[in-house]
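For the numbers below, each heavy atom of this structure counts, side chains included, while hydrogens, waters and symmetry mates do not. Indexing begins at 1, ligand by ligand and atom by atom, following the structure's order.
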Amino acid sequence: MMNFLMKSISSNPKDKIKLVTINGNLMPLKDAKVSITAPGLSYAALVFEGIRAYWNKEHKQLYIFRLDEHLKRFINSMKLLKFIDYPNLSSIKADILQNIQANNYQEDIYIRLQGYIDEWGEMAVRSPVSTSIVSYPRPRAIAFTEGKNFTISSWQRLDDNASPPRIKASANYLNSRLASIQAKESGYDGGIMLGPNGKVSEGPGGCIFLIRNGNLITPSITSGILESITRDSIIEIADTLKIKVQTRDVDRTELYIADEIFYCGTGQEIMPILSVDKMLAGDGTPGKTTKVLQSEFTEIVRGNNQIFKSWISPTYKK
Ligand code: PMP
């Protein structure tokens, strides 16, 4: 009976998707089709953004976190992949708002925005560019509180001169996929990749911070990482909290002796890393500074912080 009940309450986020958007048109997911000849599929000519929006019960408002920064990065990704004739930032923004309003969410959600070369063509074709928006409810991960255990991956992080991680392109996630599966098959939750110079780069879907002697340390944006919006937010928040921040090369062995480590990104938000290669970070529980940053971040994203009010965009008209 219990089994039956568990099965009938689906936990697949796909089942919760209602209306999606393609090129500004709202439609049910089952009607949203892409041709098998589209270079977005055949040559991975696809860029994307993962964006979160947070429900504030008291304000009866859904706040999108750093929407303009996500859209700017999205446009930059298309520019770097030499897409042409793509929609401008304000029309994509209008499509996102329309999608959320049509779905009328009153809970935390995740928005996946994609831009891809549609129809058909060869590897280097530059248009037509289609956009798609898929949104669905996504509560905070349990790992936000509990943390995860990582390993150093034997897969090397991509390099700017080969397949630039700065471009949020689906093609780059081949590298992430290999590292992620390898870590899980080895009994870990995730893998941290080193760059070609042997220094710490990032995880498959998020950036790395460590704390040593009260300093918050993270690899610089030239270390083969995605220019993470969460990473940038944490650096700014730390500054207001008078926490010293160092963006610099990070050695693998620094992770083994760190007081605290956390993983960050839109999906993970700020997620404690309890150990790397079974070497405990501090005492192997979520650290003090990590928790301070988590609570400050939570207040900001939910619209309860005045200093960073410009980071959130209300979705519903009052
Ligand atoms: N690095 C990689 C490889 C990612 O996929 C992500 C998630 N988008 C991040 C970092 C974190 O970026 P952001 O904070 O902008 O979500």
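For the residue pair Tyr63/Lys309, the side-chain donor-acceptor check at 3.5 Å is not satisfied. In the model, Arg140 has no side-chain atom that pairs as donor or acceptor with a side-chain atom of Thr145 under 3.5 Å. With hydrogens and angles left out, the side-chain atoms of Glu269 and Tyr54 include a donor and acceptor closer than 3.5 Å.
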For ligand 1, what N or O to protein N or O distances fall under 3.5 Å?
from: ligand 1; atom 1: 1 (N); to: Glu202; atom 2: OE1; distance (Å): 2.6
from: ligand 1; atom 1: 5 (O); to: Lys168; atom 2: NZ; distance (Å): 3.3
from: ligand 1; atom 1: 5 (O); to: Tyr173; atom 2: OH; distance (Å): 2.5
from: ligand 1; atom 1: 8 (N); to: Lys168; atom 2: NZ; distance (Å): 2.7
from: ligand 1; atom 1: 12 (O); to: Ser228; atom 2: OG; distance (Å): 3.4
from: ligand 1; atom 1: 14 (O); to: Ser228; atom 2: OG; distance (Å): 2.7
from: ligand 1; atom 1: 14 (O); to: Ile229; atom 2: N; distance (Å): 3.3
from: ligand 1; atom 1: 14 (O); to: Thr230; atom 2: N; distance (Å): 2.8
from: ligand 1; atom 1: 14 (O); to: Thr230; atom 2: OG1; distance (Å): 2.5
from: ligand 1; atom 1: 15 (O); to: Arg73; atom 2: NH1; distance (Å): 2.7
from: ligand 1; atom 1: 15 (O); to: Arg73; atom 2: NH2; distance (Å): 3.0
from: ligand 1; atom 1: 15 (O); to: Ile229; atom 2: N; distance (Å): 2.8
from: ligand 1; atom 1: 16 (O); to: Thr266; atom 2: N; distance (Å): 2.9
from: ligand 1; atom 1: 16 (O); to: Thr266; atom 2: OG1; distance (Å): 2.5

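Comment: Arg138 does not engage Asp108 in a salt bridge, judged by the lack of any side-chain N to carboxylate O separation of less than 4.0 angstrom. Here Arg73 pairs with Glu49 in a salt bridge; the nearest charged N to carboxylate O distance falls below 4.0 Å.
With a 6.0 Å cutoff to the six-membered ring centre and a 45° limit on the axis angle, Lys18 counts as a cation-pi contact of Tyr105.
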